[in-house]
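Presented below is the structure to which this report refers.
Index from 1, following the sequence.
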Amino acid sequence: MVKFSSSPCYNVLMDNFEYLQKISESNRPVKKPSKFSQINGSLILKILVGGILASAILIVIGIVINTGPARATDVAQQLYLRINNVNKVISTYNKNLKSSQLRSINYSLSGTLTNTAPQLSSYITATNSGSKSPLAPPNDILAYETSMDTSINGALATAKLNGTLDRIYSSQIHLQVSLMLSLTSELLERDKDPALQTILDPFYSNLNVIEQSLNNYSDTSR
């Protein structure tokens, strides 16, 4: 291993080397951020912020569209159509049911639907007065409700022929009560109009009682 002495010559060389190194460093140009890079950074930041704001606005617009008056009207029209369809099912098959308990539940349900339908009809007509057919739901909802109504009536017609009407009817009507409760709850969430709440609050309460009765119903015809 070579050892360097600490002679004066060596010290002078080292001092000169350090001095030259300092001069070299002082003469090196210091890199400053160019205006171009500063502009790019600022522009990128503005684009990112603008993108975030645009996304937030789109989300808010989507929420307004989905929960606004037009959507609430669709749900109200769907509920009105469902009420009428279920009431027709009750009128068609109630007389053929063997269970007095099930017929009693039917009377309560029919009374609730019959009382609510004209009130809801008046409300929808008044709040949707600009439409030529204020009570008619959009085509997709109409198709869905028509398909459901056809399916229910087909199942009940077959059950009547097979002697299983009470059992099939109780399950079908129970399903419809649950679905009407869901639609009513959705409509109350979307539309806070006190006039609508006056109609739907007692309707929802009565449906809840009827659903409990259906829960407690026991089919003795099996």
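Using a distance-only test at 3.5 Å, with no hydrogens or angles considered, a donor-acceptor pair links the side chain of Asp166 to the main chain of Ser99. Under the 3.5 Å distance criterion, the side-chain polar atoms of Ser151 are left unmatched by any main-chain donor or acceptor of Ser147. Using a distance-only test at 3.5 Å, with no hydrogens or angles considered, no donor-acceptor pair links the side chain of Ser121 to the main chain of Ala117. At distances below 3.5 Å, at least one donor-acceptor pair connects side-chain atoms of Thr158 with backbone N or O atoms of Gly154. Proximity of a side-chain donor or acceptor of Ser182 to a complementary backbone N or O of Ser178 within less than 3.5 Å is not detected.
Taken from CG in Asn216 to CD in Gln101, the straight-line distance is 8.0 Å, to the nearest 0.5 Å. Here CG of Leu165 is found 9.0 Å from NZ of Lys98. Values are rounded to the nearest 0.5 Å. Note that the CG atom of Leu188 and the CG atom of Leu200 stand 5.0 Å from one another [nearest 0.5 Å]. Interatomic distance, Tyr107 OH to Thr112 OG1, rounded to the nearest 0.5 Å: 14.5 Å. Remark: Asn87 CG to Gln176 CD distance equals 12.0 Å, nearest 0.5 Å. Rounding to the nearest 0.5 Å places OG of Ser170 at 11.5 Å from CG of Leu175.
Cluster membership for Ile199 and Val86, using ILVMFWY side-chain heavy atoms within less than 4.5 angstrom, is shared. In terms of hydrophobic clustering, with Ile, Leu, Val, Met, Phe, Trp and Tyr side chains grouped at heavy-atom distances under 4.5 Å, Val209 and Ile173 are assigned to different clusters. Following chains of ILVMFWY side-chain contacts shorter than 4.5 Å, one can reach Val177 starting from Tyr80, so the two form part of one hydrophobic cluster. Criterion: ILVMFWY side-chain heavy atoms under 4.5 Å apart, direct or through other members. Under it, Ile83 and Tyr123 are part of a common hydrophobic cluster. By the rule that hydrophobic residues join a cluster once side-chain heavy atoms approach within less than 4.5 Å of another member, Leu179 and Tyr217 end up as members of one cluster.
Scanning all heavy atoms of the two residues, the minimum distance from Ile105 to Ser213 falls at CD1-O, 3.7 Å. Taking each heavy atom of Met180 and Thr184 in turn, the nearest pair found is O-OG1, 2.7 Å. Contact between Ala72 and Leu187 at its shortest, heavy atoms only, is O-CD1, 3.3 Å. Pro134 approaches Asn128 most closely through the heavy-atom pair O-ND2, 3.2 Å. In this structure, Leu207 and Leu109 approach most closely via the heavy-atom pair CD2-CD1, 3.8 Å. Contact between Tyr93 and Ala157 at its shortest, heavy atoms only, is OH-N, 3.5 Å.
Screening Ile124, Leu135, Ile141, Leu120 against Gln77 for a side-chain contact (heavy atoms from CB on, under 4.5 Å) leaves a single residue, Ile124.
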Inset, instruction - Take Leu102 and Asn94 through the test side chain to side chain contact (heavy atoms under 4.5 Å, CB included) and record every step on the way to the result. - result: CA-CA 9 Å; Leu102 192 53; Asn94 189 60; over 6 Å; no
Inset, instruction - Could you go through the side chain to side chain contact (heavy atoms under 4.5 Å, CB included) check for Phe203 and Leu79 one step at a time? - result: CA-CA 12 Å; Phe203 177 65; Leu79 178 60; 4.3 Å; yes
Inset, instruction - Applying side chain to side chain contact (heavy atoms under 4.5 Å, CB included), run through Leu113 and Ile90 and close with a yes or a no. - result: CA-CA 10 Å; Leu113 300 179; Ile90 294 172; 4.0 Å; yes
Inset, instruction - Let me see the working for Met148 and Tyr144 under side chain to side chain contact (heavy atoms under 4.5 Å, CB included), right down to the final yes or no. - result: CA-CA 6 Å; Met148 178 179 289; Tyr144 174 79; 3.2 Å; yes
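By the 4.5 Å heavy-atom criterion applied to side chains, Asp74 and Gln78 are not counted as neighbours. Thr146 places none of its side-chain heavy atoms less than 4.5 Å from the side chain of Asn85.
Applying the 6.0 Å contact sphere to CG of Asn139 captures no more than 12 heavy atoms from other residues, nucleotides or ligands.
Between the side chains of Tyr169 and Asn106, at least one donor-acceptor pair of N or O atoms lies under 3.5 Å.
The salt bridge (charged side-chain N to carboxylate O under 4.0 Å, His left out) search around Glu145 returns Arg82, not counting sequence neighbours.
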